[in-house]
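Just below is one structure, and these are the notes that go with it.
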Number of protein chains: 2
Amino acid sequence: MDFDQADAVNQAIRLLSLRHRARTAELLAPLGLHPGQEALLLELARTGPMIQAQLSEALSVERPSVTLMARKLEAAGHIRRSPAPDDQRATVVELTDGGRALTEKVKQLWCALAQETLAGLTTETVAELPGLLKTLTCNVDTRRPHSRRDAG
Amino acid sequence: MDFDQADAVNQAIRLLSLRHRARTAELLAPLGLHPGQEALLLELARTGPMIQAQLSEALSVERPSVTLMARKLEAAGHIRRSPAPDDQRATVVELTDGGRALTEKVKQLWCALAQETLAGLTTETVAELPGLLKTLTCNVDTRRPHSRRDAG
DNA sequence: TAGAATTAGTTATGCGAATAACGTTATTCG
DNA sequence: CGAATAACGTTATTCGCATAACTAATTCTA
């Protein structure tokens with residue numbers, strides 16, 4: 001593997017990470033959300049009520065991070081947390097009505113972000129992009145091949 | 001813009017960011033480096049001695065972050081910092097011999113990382129990848145179009 | 001059924017990087 | 001020249017996410 005090529009790819013990924021986070025934070029600020037929290041809300045919107053361990057798995061963030069995110073979202077009234085009926089250890093997390101409404105706004109922002117992110121790319125490239133990025137992600141993955149819904 | 005598509009892209013970018021950072025940290029740990037520090041070393045290797053403001057610009061990280069990274073790299077003996085002769089405000093940063101040697105090891109790791117990251121992709125796709133990622137980055141960029149060396 | 005191993009969640013702590021505010025040095029302009 | 005402005009670097013503080021260590025609940029197994 002040629003170093004210049006490797007360097008170019010790694011640099012590009014590093015930069016994309018930095019900028020994407022910054023831009024996300026910027027877009028989410030008016031809604032009072034921080035990056036990461038929106039992923040939790042969208043996951044709940046997709047999947048329905050989940051326990052925190054499932055969220056941790058789905059979002060690929062560690063359990064303590066889920067605890068913190070969930071606390072803040074609960075304090076803001078966006079989600080509700082309640083003990084699971086069948087497992088006294090688990091905490092079920094679900095969207096409140098307000099949280100669901102907020103999620104719709106996040107979806108709009110998400111579309112706007114994607115639109116500016118993907119500006120200038122062909123429809124074909126855009127269609128291939130998630131699969132390509134997931135391939136990069138899975139290849140770089142430390143743990144498991146992350147097999148939920150293979151969109152590539 | 002279709003939400004599912006936007007969501008897929010944004011999710012993929014978020015995940016790639018998380019995993020790439022984690023994998024980078026993992027690879028760099030044996031060298032005693034943390035993610036971000038290696039970018040500074042490689043930039044110095046590419047460009048030669050620079051002042052911190054230039055590094056901040058080149059790496060797209062803020063000045064205080066450069067200060068901290070540089071402090072640690074200096075403490076580890078990888079770089080040298082000295083006042084700029086022509087500007088008493090500026091601090092010139094350059095690689096030590098040890099730092100240069102370390103950089104070579106980082107380059108090897110970088111190649112290995114790219115190899116596993118890009119496994120399974122066609123040569124053609126790999127060649128297009130940096131340009132594609134830079135396009136995403138520039139589009140998402142908050143500040144300027146980041147025009148140094150357009151490899152797309 | 002009793003004890004070991006596993007799992008859910010939390011607390012404490014560390015690190016990278018951002019912003020805000022500050023002191024110091026250069027530069028620009030009246 | 002001297003004052004205002006800008007630029008370089010640092011400190012202080014905050015935020016997100018990670019790991020380590022802990023408690024409590026569940027499941028496995030002997």
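So you know, we letter chains A, B, ... as the sequences are listed, proteins then strands, and number each from 1. Note that the structure is a prediction, hence the values are computed from the model and not measured.
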Rounded to the nearest Å, what distance is computed from the [atom1] atom of residue [X] to the [atom2] atom of nucleotide [N]?
X	N	atom1	atom2	result
Glu74(A)	dG9(C)	CD	C1'	13 Å
Leu18(A)	dT19(C)	CG	P	11 Å
Arg21(A)	dA17(C)	CZ	C1'	8 Å
Gln88(A)	dT6(C)	CD	C1'	18 Å
Leu73(B)	dC15(C)	CG	P	15 Å
His20(A)	dC17(D)	NE2	P	13 Å
Glu62(A)	dT11(C)	CD	P	17 Å
Met50(B)	dA7(D)	CE	C1'	16 Å

**Prompt:** Between Ala70(A) and Leu40(A), which heavy-atom pair has the shortest distance, and what is it?
**Reply:** N-CD1, 4.3 Å

**Complete:** Nearest heavy-atom approach of Leu59(A) to Leu18(B) is O-CD1, 4.0 Å

Please enumerate all protein N or O atoms sitting under 3.5 Å from an N or O of nucleotides 8-12 of chain D, with distances to 0.1 Å.
from, atom 1, to, atom 2, distance (Å)
dG9(D), OP1, Gln52(B), N, 3.3
dG9(D), OP1, Thr91(B), N, 2.6
dG9(D), OP1, Thr91(B), O, 3.3
dG9(D), OP2, Ala53(B), N, 2.5
dT10(D), OP1, Arg81(B), NH2, 2.5
dT10(D), OP2, Gln52(B), NE2, 2.9
dT10(D), OP2, Thr67(B), OG1, 2.8
dT10(D), OP2, Arg81(B), NH2, 3.2
dT11(D), OP1, Arg71(B), NH2, 3.4
dT11(D), OP2, Arg71(B), NH2, 2.7

**Prompt:** Crowded around Asp97(A) CG? As in, over 12 foreign heavy atoms under 6.0 Å?
**Reply:** no

Enumerate donor-acceptor pairs with a distance under 3.5 Å from any side-chain N or O in residues 100-113 of chain A to protein atoms, sequence neighbours excluded.
from, atom 1, to, atom 2, distance (Å)
Thr103(A), OG1, Gly99(A), O, 2.7

**Asked** So, does Thr96(A) use its side chain to make a donor-acceptor pair with the main chain of His78(A) at under 3.5 Å?
**Response** yes

**Message:** As a test of your reading of the structure, name each stem of DNA chain C as range with range, where a stem is three or more consecutive Watson-Crick or G-U pairs at under 3.5 Å.
**Reply:** C:1-30 with D:1-30

**Complete:** Glu74(A) meets the salt bridge (charged side-chain N to carboxylate O under 4.0 Å, His left out) criterion, sequence neighbours left out, with Arg81(A)

**Prompt:** Considering residues at least two apart in sequence or located in another chain, which fulfil the side-chain contact (heavy atoms from CB on, under 4.5 Å) criterion with Asp2(B)?
**Reply:** Asp4(B), Gln5(B)

**Request:** Only counting residues at least two apart or in another chain, list the ones meeting side-chain contact (heavy atoms from CB on, under 4.5 Å) with Arg63(A).
**Result:** Ser56(A)

[N], OP1 or OP2 - any side-chain N/O from [X] closer than 4.0 Å?
X	N	result
Ser65(A)	dA18(D)	yes
Lys72(B)	dG16(C)	yes
His34(A)	dC15(D)	no

**Asked** Picking from Val61(A), Thr91(A), Val93(A), what satisfies side-chain contact (heavy atoms from CB on, under 4.5 Å) with Val66(A)?
**Response** Val61(A)

